[in-house]
Amino acid sequence: MEKFKIVGPNRLRGELKIEGAKNAALPILCASLLSSEDIRITNVPNLRDVRTMCDLLKKIGVKVKEDLKNGVCALNASKVSSIEAPYDLVKTMRASILVLGPLLSRHGEARVSLPGGCAIGQRPVDQHLKALEQMGAEVSLVDGYIHAKAKKLFGNRIVNDLITVTGTENIMMAACLADGTTIIENAAREPEVVDLAKFLRSMGARIKGDGTNIIQIDGVKNLIGVDHEIIFDRIEAATFMCAVAACGGEIFLDKIDLNLMGKTYDKLQECGGTFSEIEDGVLINFKKRPKAVSFETKPFPGFATDMQAQLMAVNCIADGISVVKEKIFENRFMHVQEMRRLGAKIEVDGSTAIINGRNKLNGAKVMATDLRASAGLVIASLVAEGESIIDRIYHLDRGYAQMDRKLIQLGAKVQRIS
Ligand code: EPU
């Protein structure tokens, strides 16, 4: 199993191009199932989750030609030979659930292994299933698989009980080819949902209201093939911002848009430092120790749960005491125990963590438990004095392309070891 060896602390300096967003690429790849024509996606990040999604689509019968080194993925779903997302793939990537809506609406049937709980929480998919039933699907659970069938889906008014990102995406994709109008209330407003809507619209779908909490989709008969460029990864960008906040220095992140970062950007600004927009990028400069920042995670435009561990890492060495509340997932503090090994002072009470910023952290051996927790541990290790070893770095590779190479480019001492 690969590990990172990091020797800190080092100020960061340099320039990076931020990748396309993982959480936009995954639903957009699945949306290729809605058309029989050629689709070409660019700015696709070269990530393990993206490769897993390509494998899943190939299993279903989609012709996929990926050139991920150049960020390109060409797809053609004119022939689908299977309607199943098998357990072996779903267990490695929950986003596999995103084939459910498109398969059902274009092919009348889908079998998707029921995703189990994972390292960050229970993560049920009841809202996805409820909506598809309301659109006329027959849904049953057989041998650990969701089996959904519908000769035709019908538009309906769907009121989600809570805000769900992939739930909104699944319903939106299913509704594109449904008969009549679907209204999704309490919809997710994440930029990745908006990017999916933009992609679907260019294919001929009739969607309004994406980016607000009410999305309207008027069903159409078929969707055409198009080219689409994935938006930038706001979580990758914010992760590097946290790294420079913790370590100090100056970095330029190219191809990002602060307007798409919601409260996450406001909170990063509160840490101190300066953020200057220059052409398509942002120059971030931290001269002094960051200030501790309290925050709670919320759906977009609130502070992203996917940034909680990384900003917590900053808080561990920040000036002051901060209170962090995790409001999206019930078990997303797995990194706390590991950060303590680096000398962080963190108390946890239910979904609240209280962090007492220390002057310095010390290198240690730690273990990554999930994707964003790993990123938090990388940041804490970059600023810790001495050597840290982060085990199970495969979690990080699911969602960050070559983070080690990028950090080395910024002057950090990072080595990938077996
Ligand atoms: N929920 C339900 N029922 C449902 C759906 C969700 O109870 O049917 C609950 C979840 O258990 C959770 C909350 O609603 O407590 C929000 O979950 P959501 O459905 O929004 O999460 P998701 O769609 O499974 C996406 C991202 C996650 C990100 C969350 C929240 C993708 C592929 N995944 O997950 O990304 O944390 O939204 O923003 O878009 C990551 O990239 O590291 C990651 C975990």
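Here, residue 1 is the first one in the sequence, and each next residue gets the next number. Being a predicted model, the structure only gives us computed values, none of them experimental. The analysis underlying the following values was restricted to heavy atoms, covering all of them including side chains, and did not include hydrogens, waters or symmetry mates.
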Test item: T369 and I120 side chains (from C-beta on) under 4.5 Å apart, heavy atoms: no

Sub-4.5 Å side-chain heavy-atom contact between V314 and V383: no

With a 4.5 Å heavy-atom cut-off, do E385 and P9 have their side chains touching? yes

Does R416 come within less than 4.0 Å of D397, counting only side-chain N to carboxylate O? yes

What's the spacing between I355 CD1 and C316 SG if we round to 0.5 Å? 6.0 Å

Would S381 and V414 count as a side chain to side chain contact (heavy atoms under 4.5 Å, CB included) here? Give the steps. CA-CA 10 Å; S381 304; V414 182; over 6 Å; no

Separation of R340 CZ from H335 NE2 (nearest 0.5 Å): 10.5 Å

Are any of the side-chain heavy atoms of V378 and L407 separated by less than 4.5 Å? yes

Within 6.0 Å of CD in E15, more than 12 heavy atoms from elsewhere: yes

pair L396-F4: side-chain heavy atoms closer than 4.5 Å: yes

Between the CD1 atom in I328 and the NZ atom in K298, the distance rounded to the nearest 0.5 Å is 9.5 Å

Carboxylate-amine/guanidinium contact E270 K267, below 4.0 Å: yes

Got more than 12 heavy atoms from elsewhere within 6.0 Å of CZ, R51? yes

Under a 4.5 Å cut-off applied to non-hydrogen side-chain atoms, are M339 and L377 in contact? yes

Smallest heavy-atom separation, P86 atom then L56 atom, equals CD-CD1, 3.9 Å

Under the side chain to side chain contact (heavy atoms under 4.5 Å, CB included) test against L177, which residue among S105, P102, S35 passes? S105

All heavy atoms of I231 vs all of D195, minimum pair found to be N-OD2, 3.1 Å

Looking only at heavy atoms, the pair that brings C73 and V64 closest together is SG-CG1, 4.0 Å

All N/O donor-acceptor pairs, side-chain side in residues 198-210, below 3.5 Å, sequence neighbours left out:
unit_1	atom_1	unit_2	atom_2	d
R201	NH1	I207	O	3.0
R201	NH1	D210	OD1	2.8
R201	NH2	D210	OD2	3.2
S202	OG	F199	O	2.7

Side chain to side chain donor-acceptor pair (under 3.5 Å) for E326 and T297? Distances and angles first, verdict last. CA-CA 5 Å; E326 174 53 57; T297 61; 3.1 Å; yes

Identify the two heavy atoms, one from K263 and one from G302, that lie closest to each other, and give their separation to 0.1 Å. CB-C, 3.5 Å

Using a strict 4.0 Å threshold on nitrogen-to-oxygen distance, state whether D319 and K291 make a salt bridge. no

Just wondering, more than 12 heavy atoms not from Y145 lying within 6.0 Å of its OH? yes

On the 0 to 90° scale, with breaks at 30° and 60°, tag the F295-F303 ring pair as parallel, tilted or perpendicular. tilted

Audit row: R332, T305, side chain to side chain donor-acceptor pair (under 3.5 Å) steps and yes/no: CA-CA 9 Å; R332 214 175 195 180; T305 173; 2.8 Å; yes

Side chains of H147 and E109, donor plus acceptor under 3.5 Å: yes

What residues form a salt bridge (Lys or Arg N to Asp or Glu O under 4.0 Å) with R111, not counting sequence neighbours? E84

Extract all donor-acceptor atom pairs below 3.5 Å that involve side chains of residues 239-255 and protein atoms in other chains or at least two apart in sequence.
unit_1	atom_1	unit_2	atom_2	d
T239	OG1	I235	O	2.7
T239	OG1	Q310	NE2	3.2
T239	OG1	Y400	OH	2.8
E250	OE2	N285	ND2	2.6

Hey, what do you get for CG (N23) to CG (L98), rounding to the nearest 0.5 Å? 9.0 Å

Are side-chain heavy atoms of E192 and F300 found at a separation under 4.5 Å? no

NZ (K17) with more than 12 external heavy atoms under 6.0 Å: yes

Rounding to 0.5 Å, atoms CD1 (I215) and CZ (R189) come to a distance of 10.5 Å

Got M261 and M307 here, is their nearest side-chain heavy-atom distance under 4.5 Å? no

Nearest 0.5 Å, what's the NZ-CD1 distance between K325 and I354? 9.0 Å

